[in-house]
A.B. asks: 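Can you keep this structure in mind? I'll have questions shortly.
Chain A is the first sequence line, chain B the second, and so forth, proteins listed ahead of strands; every chain is numbered from 1. Worth knowing before you read on, the calculation uses all heavy atoms, side chains too, and leaves out hydrogens, waters and symmetry mates.
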Amino acid sequence: MQAPSAFHLPAEGNVQKYLSPHGKSSEMLRLGQVAPPPQSPPAKRPIMRASEFHLSTTREIPAGAETISHQLMLRAGMIRQLASGLYTWLPLGLRVLRRVEQIVREEMDRSGALELLMPVVQPAELWQESGRWEQYGPELLRFSDRHERPFCLGPTHEEVITDLFRREIRSHRQLPVNFYQIQTKFRDEIRPRFGVMRAREFLMKDAYSFHLDKDCLDRTYQTMHATYTRIFTRLGLNFRAVHADSGSIGGSFSHEFHVLADSGEDAIAFSTQGNYAANVELAVALPPADPRAAPTRPMAEVAPGTANGPRVTVHWMMGRDGNPVGLVLREEHSLNEIKAEKLPQLSAPLRRVTPEDWARLGQGNPAAGLPGADMALIADHAAAALADFVWPGHSDGPVWAGVNWGRDLPEPVVVDLRNVVPGDRSPDGEGTLEIARGIEVGHIFQLGTKYSAALNAQVLDEAGQNRVVTMGCYGIGVSRVVAAAIEQNHDERGIRWPLALAPFQVALAPLQYTKSAAVREATDALYAELQSVGVTVLLDDRNLRPGVMFADLELIGIPHRIVISERTLSGGQVEYQARHEENACLVDRADILPLLQSALNPPER
RNA sequence: CGGGGUGUAGCUCAGCUUGGUAGAGCGCUGCUUUCGGGAAGCAGAGGUCACAGGUUCGAAUCCUGUUACCCCGACCA
């Protein structure tokens with residue numbers, strides 16, 4: 001395209017008058033009012049022909065692609081890897097990415113948030129001001145410009161938005177405000193993997209809201225919760241919003257949005273009957289309903305194989321005071337390190353006691369014996385409720401059976417220490433917990449004043465006093481959503497896009513397109529009809545053997561396929577198959593348009 | 001950063017142990033026949049065997065170093 005640089009490109013609706021050699025434009029030219037661009041080529045109709053679209057599929061499973069979404073994105077020709085964690089989006093993949101982006105944008109706009117765009121490159125000063133220049137690890141990619149001034153590539157934009165806010169917003173009357181952007185992020189992940197699922201460079205929607213008080217923040221937070229729910233619903237994904245740990249970004253209150261898929265990296269627990277849902281990292285394990293039973297037998301040292309009774313395991317952690325603390329759980333339960341890290345008795349980055357530590361402390365490994373009364377013990381509720389239990393011995397050595405709290409061991413501090421397991425009582429009291437795998441695609445936080453205080457972002461309140469604003473932040477991993485959608489929607493033949501994400505809604509698959517005039521005419525006519533009612537269509541004019549063409553269209557996951565052949569055309573029919581259906585069906589040519597229109601516009605749920 | 005693995009044709013891989021100047025399948029180009037589920041025949045194109053150094057008459061192959069990518073652990077949307 002040769003857009004004449006001296007002129008604005010005409011808006012699409014006005015193209016005609018500029019292009020017409022005889023119409024208004026020449027009059028206008030004569031009148032000397034508007035100089036049309038010289039000989040702009042006619043606007044090209046966006047016919048999507050497979051032969052011109054660079055479909056680039058492969059049969060082989062690419063080496064080094066572990067997850068299904070990564071394999072399928074490579075096989076379907078959606079992405080190509082440039083370097084570790086860096087991907088090019090090919091035309092097919094970009095169409096899907098844009099679909100996600102557009103739905104996110106529409107719903108954010110609808111929520112009242114305002115789109116802006118911030119730089120990827122950020123000056124170190126802001127990060128020094130917030131303290132994160134030092135806090136953030138090596139995943140913050142730092143570099144210097146030609147003047148030796150330090151910069152970083154933005155992994156997130158709290159500093160930049162807070163800086164913008166403090167320069168722009170003066171009065172509480174301008175609040176609340178919620179700014180968002182859809183922008184490339186860079187995190188120098190230690191180990192990028194799973195394709196765009198965990199890339200170093202990725203596309204993210206991040207929003208930041210500003211408020212004078214917590215109530216106002218709460219309202220926007222709820223609005224974002226509802227907005228995210230709308231977004232993932234519109235995307236056609238099976239998802240859940242769960243309570244979450246607020247992680248390193250800090251803050252008090254947060255929800256994660258997970259796309260459910262067996263390959264997900266996170267475990268999420270949710271109530272079978274109630275509304276409770278939480279990341280397993282955070283899910284509360286209720287104490288057993290029944291109190292501890294009384295001891296019934298004496299403690300005895302026995303061989304490991306002969307011990308009867310419930311067993312416990314002990315995790316020795318370094319305490320804040322430098323002495324070991326034993327964390328006791330039932331053997332069938334696993335330690336929740338997030339919960340453990342929050343215990344005031346333990347050192348803040350959790351650290352296991354090493355053999356060297358024991359030696360330095362002048363103590364033998366207590367796994368070789370029962371801990372004495374001077375050893376600090378913290379037990380999980382479930383372990384604390386045991387009686388006559390088995391205490392572990394040293395490797396193959398003897399164990400202690402018939403052990404009881406208070407009699408053979410000091411009464412422990414009792415807390416929630418373990419990961420929940422399926423069948424646990426739900427913390428909301430309704431039903432029991434189930435556990436599913438999820439892929440985190442969204443996260444909403446109440447940040448509080450962490451950044452606004454550090455960067456001194458204040459507004460004047462009603463009383464004319466300066467007040468530090470309180471903030472929320474709301475992220476969606478846009479590029480990750482694409483991969484997550486595939487993890488959730490695929491079969492042995494390839495991708496099965498939810499309609500909202502599909503790169504094309506309909507594929508036309510003519511047989512003998514270049515040989516049969518009847519097929520070509522019928523196909524072109526159908527193409528034009530579909531396009532005129534706004535359906536996105538891919539016309540596979542590659543004249544491939546049917547098997548190859550079908551396999552390609554199924555691999556790339558187009559939801560609806562119409563096969564046009566002389567055989568069915570002679571009976572006035574075409575063949576229709578939905579991607580998620582097992583079999584095709586014959587449809588009268590006259591019925592195909594209404595059929596597709598109803599398939600593409602399902603009634604509101 | 002630890003631990004492990006792999007770099008050979010566009011893709012997936014053999015060849016390396018035992019050194020002798022590089023192969024298969026798929027894909028790609030041309031022609032012919034085929035044409036409703038990844039066709040067949042014929043003819044072709046395509047590789048400084050990741051890079052550098054060394055050993056050797058001779059290195060994809062043996063040695064040393066470097067580098068890239070992948071997998072397992074701590075980070076994260």
Side-chain angles (χ1 to χ4, degrees), chain A residues 56-67 70-71 74-75 77 80-86 100 104 135-140 155-157 182-207 228 244-249 254 256-259 264-266 279 281 337 349-352 438-445 473-484 493-494 509-516 519 543-555 561 563-568 574-575 577 583-584 586:
Chain A
S56 185
T57 57
T58 61
R59 295 180 67 178
E60 303 278 1
I61 296 173
E66 291 284 305
T67 54
H70 191 191
Q71 292 172 2
L74 288 167
R75 287 187 53 208
R80 292 289 180 255
Q81 178 170 344
L82 175 65
S84 180
L86 303 177
V100 180
V104 169
Q135 277 171 23
Y136 230 95
E139 71 184 35
L140 181 64
T156 177
H157 280 73
I182 297 175
Q183 172 65 296
T184 297
K185 304 283 194 228
F186 191 93
R187 294 183 189 169
D188 200 357
E189 294 281 346
I190 301 165
R191 186 147 90 88
R193 48 187 146 163
F194 310 144
V196 300
M197 188 80 82
R198 186 181 300 175
R200 289 192 292 176
E201 188 178 297
F202 57 99
L203 191 63
M204 181 172 170
K205 187 283 299 177
D206 50 328
Y228 276 36
D245 185 58
S246 45
S248 63
I249 299 182
S254 90
E256 290 171 351
F257 285 76
H258 285 260
V259 167
E265 288 189 88
D266 289 291
N279 197 309
E281 291 177 346
E337 300 199 355
L350 215 52
R351 195 164 78 74
R352 284 179 186 275
I439 300 164
E440 186 184 353
V441 290
H443 204 160
I444 59 178
F445 277 90
C473 83
Y474 319 95
I476 291 179
V478 174
S479 44
R480 176 179 281 188
V481 165
V482 176
R493 292 174 170 180
L511 306 185
Q512 305 289 357
Y513 182 76
T514 57
K515 297 263 177 65
S516 162
V519 167
N543 209 37
L544 297 170
R545 302 178 68 79
V548 179
M549 178 161 59
F550 298 161
D552 259 7
L553 296 175
E554 283 157 356
L555 173 60
R561 185 186 73 194
V563 179
I564 300 114
S565 68
E566 286 195 328
R567 197 174 77 193
T568 60
V574 296
E575 179 189 294
Q577 183 170 2
N583 297 306
L586 289 175

A.B. asks: Spell out, as yes or no, whether a donor-acceptor pair under 3.5 Å connects the side chain of A:Gln71 to the backbone of A:Ala65.
C.D. replies: yes
A.B. asks: For A:Ala509, answer base if it contacts any base atom (sugar-phosphate contacts may also be present), sugar-phosphate if it contacts only those atoms, and nothing otherwise; contact means non-hydrogen atoms under 4.0 Å.
C.D. replies: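 Counting heavy atoms under 4.0 Å across all strands, no contact is made by A:Ala509.
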A.B. asks: Base, sugar-phosphate alone, or nothing: which one does A:Ala63 contact when heavy atoms must sit under 4.0 Å apart?
C.D. replies: sugar-phosphate
A.B. asks: Hey, which sits more toward the 5' end of RNA chain B by its nearest nucleotide, A:His70 or A:Glu440?
C.D. replies: A:His70
A.B. asks: How is A:Ile61 classified with respect to the nucleic acid when contacts are heavy atoms under 4.0 Å: base, sugar-phosphate, or nothing?
C.D. replies: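 If one applies the 4.0 Å heavy-atom cut-off, A:Ile61 turns out to touch the sugar-phosphate alone, with no base involved.
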A.B. asks: Base, sugar-phosphate or nothing for A:Pro155? Non-hydrogen atoms, less than 4.0 Å.
C.D. replies: nothing
A.B. asks: Expressed in angstrom and rounded to an integer, what is the separation of A:Leu140 atom CG from B:C75 atom P?
C.D. replies: 17 Å
A.B. asks: Is there a donor N/O on one and an acceptor N/O on the other, under 3.5 Å, for the side chain of A:Arg59 and the base of B:U12?
C.D. replies: no
A.B. asks: Return whichever of A:Ile190 or A:Thr57 has its heavy-atom-nearest nucleotide of RNA chain B closer to the 5' end.
C.D. replies: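 Whichever sits nearer the 5' end wins; that is A:Thr57.
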A.B. asks: Contact class for A:Gly442 vs. all strands (heavy atom < 4.0 Å): base, sugar-phosphate, or nothing?
C.D. replies: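 The answer is sugar-phosphate, as A:Gly442 gets under 4.0 Å only of primed atoms, P, OP1 or OP2.
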A.B. asks: Under 4.0 Å, counting only non-hydrogen atoms across every strand here, what does A:Ser84 touch: a base, just sugar-phosphate, or nothing?
C.D. replies: sugar-phosphate
A.B. asks: Does a distance-only test, which skips hydrogens and angles, find a donor-acceptor pair under 3.5 Å between the side chain of A:Arg191 and the base of B:G4?
C.D. replies: no
A.B. asks: As an exercise, state the distance from CG of A:Leu511 to CE of A:Met549, rounded to the nearest 0.5 Å.
C.D. replies: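 Between A:Leu511 CG and A:Met549 CE, I get 5.0 Å after rounding to 0.5 Å.
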A.B. asks: Looking at every strand, decide which applies to A:Arg561 at a 4.0 Å heavy-atom threshold: base, sugar-phosphate, or nothing.
C.D. replies: base
A.B. asks: Reckon A:Val548 touches a base, only the sugar-phosphate, or nothing at all at heavy-atom distances under 4.0 Å?
C.D. replies: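 Base: the residue A:Val548, judged by heavy atoms under 4.0 Å, touches a nucleobase.
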A.B. asks: Just call it for A:Gly477: base, sugar-phosphate, or nothing, with non-hydrogen atoms closer than 4.0 Å on any strand.
C.D. replies: base
A.B. asks: Considering every strand and a 4.0 Å limit on heavy-atom distances, what is the contact class for A:Glu265: base, sugar-phosphate, or nothing?
C.D. replies: nothing
A.B. asks: With the six-membered base ring of B:G38 as reference, does the ring of A:Phe550 sit under 5.5 Å away with planes under 30° apart?
C.D. replies: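 Check failed, A:Phe550 does not stack on base of B:G38.
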A.B. asks: Which part of the nucleic acid, if any, lies within contact of A:Lys515, taking any heavy atom under 4.0 Å across all strands shown: a base, the sugar-phosphate backbone alone, or nothing?
C.D. replies: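 Result for A:Lys515 = base.
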A.B. asks: Whether A:Arg75 contacts B:G27 is assessed here as follows: a side-chain N or O lying under 4.0 Å from the phosphate OP1 or OP2. Is that the case?
C.D. replies: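 Indeed not, no polar side-chain atom of A:Arg75 lies that close.
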A.B. asks: Among B:A77, B:C35, B:G38, which is the nearest nucleotide to the side chain of A:Gln512?
C.D. replies: B:C35
A.B. asks: In terms of side-chain heavy atoms of A:Glu189, which of B:U34, B:C75, B:G37 is nearest?
C.D. replies: B:C75
A.B. asks: Can any side-chain N or O of A:Tyr136 pair as donor or acceptor with the backbone N or O of A:Pro155 at less than 3.5 Å?
C.D. replies: no
A.B. asks: Strictly below 4.0 Å: does A:Thr156 bring a side-chain N or O up to OP1 or OP2 of B:A77?
C.D. replies: no
A.B. asks: Tell me what A:Ser516 touches on the nucleic acid: a base, only sugar-phosphate, or nothing, going by heavy atoms under 4.0 Å.
C.D. replies: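 No contact.
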A.B. asks: Students often get this wrong, so: under 4.0 angstrom with heavy atoms, is A:Leu511 touching a base, only sugar-phosphate, or nothing?
C.D. replies: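 It contacts base atoms.
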A.B. asks: Hey, does the side-chain of A:Glu554 have a donor or acceptor N/O within less than 3.5 Å of a partner on the base of B:G38?
C.D. replies: no
A.B. asks: Categorize A:Phe202 for me: base, sugar-phosphate, or nothing, with a 4.0 angstrom heavy-atom threshold over every strand shown.
C.D. replies: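 If one applies the 4.0 Å heavy-atom cut-off, A:Phe202 turns out to touch a base.
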A.B. asks: Check whether any side-chain nitrogen or oxygen of A:Gln81 sits under 4.0 Å from OP1 or OP2 of B:C70, and answer yes or no.
C.D. replies: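 Answer is yes, contact under 4.0 Å.
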A.B. asks: Table please: side-chain donor-acceptor pairs of residues 194-204 of chain A below 3.5 Å, with sequence neighbours left out.
C.D. replies:
residue	atom	partner	partner atom	Å
A:Arg198	NH2	A:Glu265	OE1	2.7
A:Arg198	NH2	A:Glu265	OE2	2.8
A:Arg200	NE	A:Ser84	O	2.9
A:Arg200	NH1	A:Asp188	OD1	3.1
A:Arg200	NH2	A:Ser84	O	2.8

A.B. asks: Which nucleotide, in any strand shown, forms a Watson-Crick or G-U wobble pair with B:A39, with both distances under 3.5 Å?
C.D. replies: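 Partner of B:A39: B:U33.
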A.B. asks: Grab the CG-C1' distance between A:Leu74 and B:G10 for me, whole Å please.
C.D. replies: 14 Å
A.B. asks: May I have the distance from A:Met204 (atom CE) to B:A77 (atom C1'), rounded to whole angstrom?
C.D. replies: 5 Å
A.B. asks: Measure from CZ on A:Arg193 to P on B:G4 and round the result to the nearest Å.
C.D. replies: 18 Å
A.B. asks: Could you please name the partner base of B:G73, counting Watson-Crick and G-U wobble pairs only when both distances are under 3.5 Å?
C.D. replies: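 Base partner found: B:C1.
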A.B. asks: So, does the side chain of A:Arg198 form a donor-acceptor pair with the base of B:C75 at under 3.5 Å?
C.D. replies: yes
A.B. asks: I'd like to know if A:Glu60 reaches the base of B:G10 with its side chain, counting only an N/O donor and acceptor under 3.5 Å.
C.D. replies: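 When only heavy-atom distances are counted, A:Glu60 does not reach the base of B:G10 through any donor-acceptor pair under 3.5 Å.
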